[in-house]
Structures are given as structure tokens and as C-alpha cells.
A.B. asks: 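Got a structure here, written out as C-alpha cells. Questions coming.
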Number of protein chains: 2
Amino acid sequence: MLSLEEYRKLANDEIAAIPYPATPNGLYEPIAYTMDLGGKRLRPALVLMACEAMGGDVKKAVKPAVGLELFHNFTLLHDDVMDNADVRRGKPTVHRRWNDNTAILSGDAMLTMSSQYVAQVDPAVLPEIMRLFNQTAMEIYEGQQYDMDFEVRNNVTLEEYIDMIRLKTSVLIGCACKMGALIAGASEANAQALYETGLYLGLAFQLQDDVLDVWGDEATFGKAIGGDIMNNKKTFLLIGAMQKAQGDDANELRRWINNEYALRSEKVPAVTALYERLGMREAADEAIKRYDDMAFDALSRVEMSDEAREAFVQLIKGLVDRKK
Amino acid sequence: MLSLEEYRKLANDEIAAIPYPATPNGLYEPIAYTMDLGGKRLRPALVLMACEAMGGDVKKAVKPAVGLELFHNFTLLHDDVMDNADVRRGKPTVHRRWNDNTAILSGDAMLTMSSQYVAQVDPAVLPEIMRLFNQTAMEIYEGQQYDMDFEVRNNVTLEEYIDMIRLKTSVLIGCACKMGALIAGASEANAQALYETGLYLGLAFQLQDDVLDVWGDEATFGKAIGGDIMNNKKTFLLIGAMQKAQGDDANELRRWINNEYALRSEKVPAVTALYERLGMREAADEAIKRYDDMAFDALSRVEMSDEAREAFVQLIKGLVDRKK
């Protein structure tokens with residue numbers, strides 16, 4: 001087994017070698033720009049790691065791994081248009097640097113490119129790989145739709161929130177693990193157990209994101225703390241707090257949510273204190289621990305070498321204890 | 001061989017049976033709305049016809065045929081956002097009836113659905129079918145990008161225009177023909193000759209569209225005549241006229257293009273008269289005839305039964321002589 005860092009490097013080398021046609025420049029330049037923004041490359045690294053863990057040839061998994069990273073970045077590109085976001089990884093988003101039409105069309109092309117890369121597998125596994133990839137994509141659009149629906153709803157439950165992040169974030173992590181396993185020729189049972197490992201890891205990962213946005217260290221996290229609070233983003237913390245808060249706490253939370261002119265320096269510490277008073281940090285940590293355990297449980301059902309299992313154990317521990 | 005009408009009915013029956021999930025409604029309702037708007041269903045009919053013409057089982061081509069229609073309608077949905085179009089087939093466009101975000105996300109889902117339908121072929125031909133489909137999709141995005149680039153350029157040549165419509169429109173007609181042939185197990189040479197038949201047919205078809213927009217019969221054409229003229233759309237006619245016009249004609253054409261407040265009742269007849277004076281109708285008819293001949297020439301290279309060949313001959317004649 002290679003290290004996570006080495007899998008990332010394999011993915012990054014292939015991403016750097018994507019042969020963008022020279023024309024029309026207006027179509028391909030924003031795609032190259034997006035892929036050059038960097039990122040954790042977690043999904044392609046997982047495809048490669050899962051492939052090797054199940055006894056496959058990592059070289060056969062590099063193109064589909066990059067396909068998942070293209071897909072992930074396509075969703076970010078279109079989400080940034082829909083959320084009207086200005087900045088992505090410290091740089092202007094595509095629709096800000098160019099315009100909405102460019103972001104729409106280049107995103108469409110990225111989605112098709114992702115399919116081109118994913119399809120570069122042995123013909124024997126292609127039908128199942130395409131089914132997995134397309135099904136995952138549909139679930140991710142459903143998750144994005146629920147996320148947008150939640151913005152205008154005030155009665156979202158924690159159960160609905162978990163189901164939304166399962167669709168929007170976790171299924172792609174599960175898909176990455178299962179895809180690597182399928183490329184390695186793993187049994188359906190092993191591939192499915194690895195899918196569930198990734199799925200629960202993804203849930204823990206996203207909840208950790210909610211926590212880091214509030215209690216993370218700004219320098220390590222890489223973006224301003226409290227962004228979700230300022231945007232009244234319906235995270236695990238806000239939804240839980242809205243359900244738990246009574247009396248004065250409920251009134252205070254409502255006032256901060258409705259105050260469009262609240263100063264960041266006042267709203268973020270106040271809502272953070274409310275979250276802490278209501279025990280939301282513990283509730284989130286418990287939920288993370290629960291999904292973490294479920295990921296380990298699914299992993300225990302995968303037939304693999306001790307070395308491969310240990311690599312996944314370290315990965316899960318590292319991602320959930322991450323500070324950024 | 002069935003009739004074109006019967007192939008269309010097969011496609012429409014399958015389209016009516018698309019199983020849209022009930023939730024999230026915001027994602028799937030706009031897709032059902034788009035597919036219910038109707039249309040000529042030319043692309044799926046061509047897949048079915050080409051499959052049967054090459055000795056294949058039409059039933060095996062129905063899902064991928066609907067996949068191409070889903071893809072075509074996805075491009076219209078996103079193009080309508082990019083062009084800020086209000087009406088499609090007499091009804092509000094998705095981004096007008098709902099909003100831009102809905103049109104973007106539902107369009108993305110349609111693109112993935114199209115891939116799900118296209119992939120439902122025998123595993124033996126799946127790799128080549130996916131390559132053809134994805135390659136065609138990339139060319140169509142390139143065509144749309146050139147089309148948008150042309151809007152802000154004043155030196156577009158007829159050659160560039162033909163290349164743009166080849167990418168934006170014709171490759172999908174060629175793809176439909178080739179996909180049907182591949183599903184039928186046709187040889188690469190036959191499939192390629194049928195691709196070229198569709199490609200040249202598509203060029204003739206699009207040029208005919210430019211002509212109908214100016215000289216069509218409003219009742220038969222189904223939309224207002226002169227839309228391209230009012231929008232200064234860089235069609236074969238306008239690009240050719242801009243190149244040919246000298247002296248007073250050139251000045252008059254420029255005046256109409258720059259007059260933002262021109263009345264439809266004055267601009268459309270005046271520019272039409274200019275086109276006629278400059279011989280653009282004859283030039284377009286000649287170009288259509290040329291691509292028509294090239295379609296027949298490519299068809300002559302396909303090894304097929306007399307009955308199948310005759311069906312394609314009638315199709316080409318019917319599409320080019322069409323009034324709508």
C-alpha cells in the first residue's frame with residue numbers, strides 16, 4: 001500500500017496531464033482554472049487506495065479516479081453559481097471571474113469529461129461502474145435540491161439534515177471506495193461494505209466540517225470561522241439548536257437569525273456561546289463518533305489484508321480528527 | 001422497416017414511461033415538464049431507424065434513443081438560460097417558470113439521466129457507445145461556445161459558421177444514426193458512413209432552419225417569422241449578406257443591425273428584401289443542396305437493404321423539403 005499522500009500525488013499528476021483542447025478557449029480555460037485550484041483530492045485518492053486494498057492494479061484506477069475529481073469539481077462550479085459564491089479556495093469563482101453562462105457551459109463540459117474518464121475501465125466492469133457513477137450523481141443532485149429547499153424552510157429536522165448530507169456529500173465518498181474495489185475485481189459484498197465504510201466516513205466528515213466552521217482554528221482551517229453562522233446556514237448545529245432552545249435562548253437565537261445587520265464580531269461569538277450552552281458541540285461530537293463507529297463496523301466486514309485494513313483505519317482516524 | 005411516425009411513437013411511449021422519483025419534486029418536475037413539451041423526436045427516431053436499417057432489434061435501441069432525446073432537451077434547457085429565452089415550444093422556459101438555479105440543477109440531472117439511458121445497451125458495444133456519446137456531447141458544448149463567441153464578433157466567416165452548426169447541431173444527428181447502427185452490430189465502416197449521412201443531413205437541416213425563419217409560412221413554421229433578423233442572429237444569411245453587401249446595401253444592413261428600436265413590421269421585410277437582392281436565398285438553397293448531396297453520397301456507401309436505403313432517402317428528402 002502507498003500512503004494517502006502518494007495516492008494524492010498520483011491523482012494530481014494525472015490531473016496536471018489532462019489534455020485540454022486549445023479552442024474554444026472560453027470553454028476549456030475555466031475547466032483548467034477550476035482543476036488547478038487544488039483541493040484535498042480525497043475522492044481520487046480513495047479510488048486508488050480502495051483499488052490497491054482489494055488487490056487491484058492502481059494504474060487501472062487512475063483515470064476513473066480523476067473522473068470522480070472532475071465530477072466533484074463540476075458540482076462545486078455549478079453550486080457556486082446557484083449559491084452566488086464569490087470565492088473558492090481563496091480565488092474568484094468561475095462565474096465571478098468570467099460569468100454565469102461560462103460557469104454553466106464549462107460545468108456541463110466537466111460533467112461529460114468526468115464520464116469520459118470514469119468510463120476508462122476494463123469493459124467487464126464498465127456497466128456496473130457506469131451504473132454506480134450515474135446513480136451517485138443523481139443522488140448528489142437530489143442532495144443539492146434538498147439543501148436549497150431547506151433554505152426556505154424553518155422546520156427542517158436533524159434526520160432530514162443527515163439525509164441531505166448523505167446525498168450531497170457522503171454517497172460520493174462511498175462511490176469512490178466502491179469504484180476502486182470494483183476496478184480491482186472485488187466481490188459485490190466486499191465492494192458494498194467498502195461503499196458503506198465511505199458513506200459513514202462521509203457523514204462524519206461533513207459533520208466535522210460543521211464543527212470546524214464554528215470551533216476550528218482560523219489559520220489551520222484555511223477560511224474564516226463562523227461563515228455558516230453569518231449565513232444562517234442550516235447545519236447540524238443550527239437545526240439542533242433551533243429544536244432545543246427554549247425561552248430566552250430561543251428568542252436570542254431568533255434575534256440573531258433575523259438581524260441582517262449583525263456584526264460578525266458580535267454574532268459569531270454569541271451564537272457559538274448559545275450552541276455551547278445548548279450542548280450542541282457534544283451532540284455533534286457524539287454524532288461524529290456514531291458515524292465513525294459505523295464506518296469501522298462496515299470496514300470490519302471487508303475481506304482485506306491487515307495492511308490494507310490498517311491503512312483505512314488510519315484514514316478514518318485522520319479525517320475525523322482533522323483540523324482543516 | 002417502420003415509418004418515421006412509428007419510430008417517433010416508440011420513442012414517445014418510452015418518454016411517457018420515464019419513472020421520475022416523487023421527491024425532491026423541485027428537481028424532477030422541471031425535467032418532466034421539459035420532456036412533456038414535445039418536439040419532433042427526430043434524434044430518437046433516427047436511432048431506432050438506423051438500428052432496424054442495419055438489421056438490429058429495435059427494442060434494444062429504445063432506451064439509448066430516449067437517452068439522446070434527454071440529452072438534446074438538456075442542451076435546450078441550459079441554452080435557454082444562457083440565451084435568456086422566455087418561450088420554448090409555446091410555453092415558458094424552465095428558468096422563467098421556475099428560476100435559473102432550478103434550470104441549472106435539473107439540466108445537470110437530465111444530462112446524467114441521458115447517460116443512464118444511453119448506457120442501457122449490450123455490454124459488448126457499451127465502451128464504443130459511451131465514447132461516441134461523450135465525444136458528441138463535448139463537440140456540442142464547443143458549438144454552443146462558438147455560437148456565444150460569434151455574438152460579440154463582427155468578422156465571422158461562413159466557413160466558421162458552418163463549423164459551428166456542425167458542432168452545435170449536426171454531430172448529434174450523426175451520433176443518432178451511428179448509435180443505432182452500433183447497437184445493431186454494424187461494421188465500423190457502415191456505422192461511420194451512416195454517421196456522415198446524419199452529419200450532412202444535420203447541416204442541411206440547420207441551414208433550412210435559417211431559411212424557414214425568413215421565408216417560412218408562419219402558421220406552418222409554428223413560430224413568428226423573422227426572429228433571427230430581429231435578434232441580429234448571425235445565421236448563414238446574415239453572415240453572407242454582411243460579406244456580400246457593398247455601398248448602399250452595406251450601409252442599410254448596418255443601420256438595421258444597429259437600430260435597437262426598429263419595428264418588427266419594418267425591419268423584417270427590409271432585411272428580407274436585402275437578403276433577396278444579395279442572392280442569399282439562392283446561396284442558402286445551393287448550400288442545402290450541396291449538403292443534401294453529401295448526405296446521399298455517404299448513404300450510398302452504407303451496405304443495407306433496398307428497403308432501408310429507400311427509408312433514409314425519403315427521410316432526407318422530407319427533412320430538407322420541410323416547411324416547419
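Throughout, protein chains are lettered first and strands after them, A, B, ... in sequence-line order, and every chain is numbered starting at 1. Fair warning: this is a prediction, and the values are worked out from it, not measured in the lab.
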A.B. asks: Using heavy-atom distances under 4.5 Å, tell me whether B:M113 contacts chain A through its side chain, its backbone, both, or neither.
C.D. replies: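 For B:M113, backbone and side chain are both near chain A.
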A.B. asks: With a 4.5 angstrom heavy-atom cut-off, is it the side chain or the backbone of B:L126 that approaches chain A, or both, or neither?
C.D. replies: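 Contact with chain A involves both backbone and side-chain atoms of B:L126.
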A.B. asks: So which donor and acceptor atoms of chain B and chain A come within less than 3.5 Å of each other?
C.D. replies:
unit_1	atom_1	unit_2	atom_2	d
B:T23	OG1	A:Y146	OH	3.3
B:Y28	OH	A:E142	OE2	2.5
B:H78	ND1	A:D108	OD1	3.1
B:H78	ND1	A:D108	OD2	2.7
B:M82	O	A:N101	ND2	3.0
B:N101	ND2	A:M82	O	2.9
B:D108	OD1	A:H78	ND1	3.1
B:D108	OD2	A:H78	ND1	2.7
B:T112	OG1	A:Y141	OH	2.7
B:S115	OG	A:N134	ND2	3.4
B:N134	ND2	A:S115	OG	3.4
B:Y141	OH	A:T112	OG1	2.7
B:E142	OE2	A:Y28	OH	2.6
B:Y146	OH	A:T23	OG1	3.3

A.B. asks: CE/B:M82 to CG/A:L105 distance, rounded to the nearest 0.5 angstrom?
C.D. replies: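 Between atom CE of B:M82 and atom CG of A:L105 there are 4.5 Å.
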A.B. asks: Which region of B:F74, side chain (C-beta onward) or backbone (N, CA, C, O), has a non-hydrogen atom less than 4.5 Å from a non-hydrogen atom of chain A, or is it both or neither?
C.D. replies: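 Side chain only.
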A.B. asks: Checking A:M130 against chain B: side chain, backbone, both or neither under 4.5 Å from a heavy atom?
C.D. replies: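 Contact with chain B involves the side chain of A:M130 alone.
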A.B. asks: Return the option, out of B:A137, B:P127, B:A109, with the maximum number of heavy-atom pairs under 4.5 Å with chain A.
C.D. replies: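 Heavy-atom pairs under 4.5 Å are most numerous for B:A109.
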A.B. asks: Please name all residues satisfying side-chain contact (heavy atoms from CB on, under 4.5 Å) with A:A65, sequence neighbours left out, ordered by chain then number.
C.D. replies: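 With neighbours one apart ignored, the set is A:P44, A:V47, A:L48.
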